[in-house]
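Just so you know, these numbers use all the heavy atoms, side chains as well, and skip hydrogens, waters and symmetry mates. A, B, ... follow the sequence lines: proteins, then strands. Residue 1 opens every chain.
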There are 2 protein chains.
Amino acid sequence: MPLPGKKRRYHHGDLPTALIDTAIELIDEKGVASFSLAEASRRLGVTVAAPYRHFADRDELLAAVAARAAREAAVAIRAESGTEDAPAEQLAGLARGYVRFAVTKRALFQALFGAGLDKPKYPDLAAAAEQVASTAFPPAIELCGGDKAAGADLAMTVGAVAHGFAMFLLDGEFGTGDGMVDKVAGQASQAVHDLIRGRLSR
Amino acid sequence: MPLPGKKRRYHHGDLPTALIDTAIELIDEKGVASFSLAEASRRLGVTVAAPYRHFADRDELLAAVAARAAREAAVAIRAESGTEDAPAEQLAGLARGYVRFAVTKRALFQALFGAGLDKPKYPDLAAAAEQVASTAFPPAIELCGGDKAAGADLAMTVGAVAHGFAMFLLDGEFGTGDGMVDKVAGQASQAVHDLIRGRLSR
DNA sequence: GTCTATACCCGGATAGAC
DNA sequence: GTCTATCCGGGTATAGAC
């Protein structure tokens, strides 16, 4: 019976999940680039051969991490955009949630965009990523008066804006103050508002 | 006397520059992550020890590549935004130029943003990056009626928008069609226009 | 300024025992 | 499902000769 508050290590119960958890820890500590199966194995107290029973190779484990990332991102984003009623507010909330997710779940975000994965190769990942994208489409299409092509264009634009702010923030381009995350998340949300207002008045 | 059209290899003339050129080739071929001094040395026909006379380590060479990237980016962006007269057009041109640069000079762009460099550690790089940023400020401040804080905010927003489109495009999120580059560059430029119009009508 | 040689460390991945 | 053992390849970085 594991003590509460004591981080539980691998108990020969579920190595795949333990590997994913450990991968996230390691990515948090040293970045995706230097993540290795060997180090994850060491930290879990299993040998380097063990992971290969569950994942074909390093990339397949990273893809599993990325898939979890996409699922969590979808949840986090919906939590910030789903409470809104107006479609413009939903898209602005999406951008805010996206930026916050990138920073608070740095490792997951890195697995999603910094691992150099060939996404089409991993169906689970592709499907999970689709869920994120699909959050943006309905409100975007609504704002475009039902025009699906224009809505898709707007949705991608909002995604790009959110992504740009998130990347700049992670990269330190905004500096590293304490309230910086909220400030930039607000900036992203404001940018989406401006963008929509400007677009509708074209 | 090197034949015209025949790519010149290293002639014991300028190893530092030759290393930078070769690094760019290699990054183009396999990405920054897998770039190594060893392979660059091999390709140039020098031993692995030679580069260490000129660069302290791998990161210092990558920083030199990144610094060149920033200088070239500043030139490329000015070429697309400097011909315009209206500040809004200048910022839209900047976004278009940024996206085009990211794709046409993929390796340089990767050195700038994908190498995980501690930018403050490399003064040349920081200075060159500053030049890029400084392109956006004057028109942004002008659009904000001289308000420097608001101008800085707008400039960063435009940069983030351009960056987001560029990253999504490189990542394949827009698909990989032939006219995709121009299409997305146009989308980025349009987004900046919309953003500015919306912002001014707040 | 470059080479030879080398020490060192690390990761990926597999075969075969248990 | 995990371990032991091992092979293989690769990169970083240095010392010392030329």
Side-chain angles (χ1 to χ4, degrees), chain A residues 2 8-66 107 110-111 114-118 121-122, chain B residues 2 8-66 107 110-111 114-118 121-122:
Chain A
R8 196 165 53 207
R9 287 269 70 91
Y10 174 58
H11 284 273
H12 288 267
D14 184 0
L15 186 53
T17 301
L19 281 166
I20 291 173
D21 291 339
T22 304
I24 293 168
E25 284 180 23
L26 289 172
I27 293 169
D28 247 326
E29 293 166 19
K30 308 203 263 176
V32 239
S34 59
F35 165 76
S36 72
L37 280 185
E39 193 168 359
S41 306
R42 245 177 275 133
R43 184 165 292 196
L44 278 172
V46 298
T47 64
V48 295
Y52 290 91
R53 283 288 137 189
H54 307 282
F55 298 97
D57 54 29
R58 176 183 181 273
D59 277 4
E60 203 172 292
L61 171 54
L62 284 176
V65 174
Q110 269 192 68
L117 293 175
D118 201 19
K121 267 181 68 173
Y122 305 96
Chain B
R8 197 165 52 208
R9 287 270 69 91
Y10 175 58
H11 284 271
H12 289 268
D14 184 359
L15 185 53
T17 301
L19 281 166
I20 293 172
D21 291 339
T22 304
I24 294 168
E25 284 179 23
L26 289 172
I27 293 168
D28 247 327
E29 293 166 19
K30 311 203 261 176
V32 239
S34 59
F35 165 77
S36 73
L37 280 185
E39 192 169 358
S41 306
R42 244 178 277 132
R43 182 165 295 197
L44 278 172
V46 298
T47 64
V48 293
Y52 290 91
R53 283 289 139 189
H54 308 280
F55 299 97
D57 55 28
R58 175 183 181 273
D59 277 4
E60 205 173 290
L61 171 53
L62 283 176
V65 174
Q110 269 192 69
L117 295 174
D118 202 18
K121 267 182 67 174
Y122 306 95

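One finds the CD atom of E29(B) at 4.0 Å from the CZ atom of R43(B) (value rounded to the nearest 0.5 Å). Note that the CG atom of L26(A) and the OG atom of S36(A) stand 7.5 Å from one another [nearest 0.5 Å].
When all heavy atoms of Q110(A) and G31(A) are compared, the closest pair comes out as OE1-CA, 3.6 Å. When every heavy atom of S41(A) is checked against every heavy atom of V48(A), the shortest pair comes out as OG-CA, 3.8 Å.
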Checklist outcome for this item: With B for base contact, S for sugar-phosphate-only contact and - for none (protein heavy atoms under 4.0 Å), nucleotides 11-18 of chain D reads SSBB----
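Rounding to whole angstrom units, CG of residue L44(B) and P of dC3(C) are separated by 10 Å. Whole-Å rounding puts the F55(A) CZ to dG1(D) P distance at 13 Å.
Checked options I24(A), L61(A), T22(A); the residue passing with F35(A) is L61(A) (criterion: side-chain contact (heavy atoms from CB on, under 4.5 Å)).
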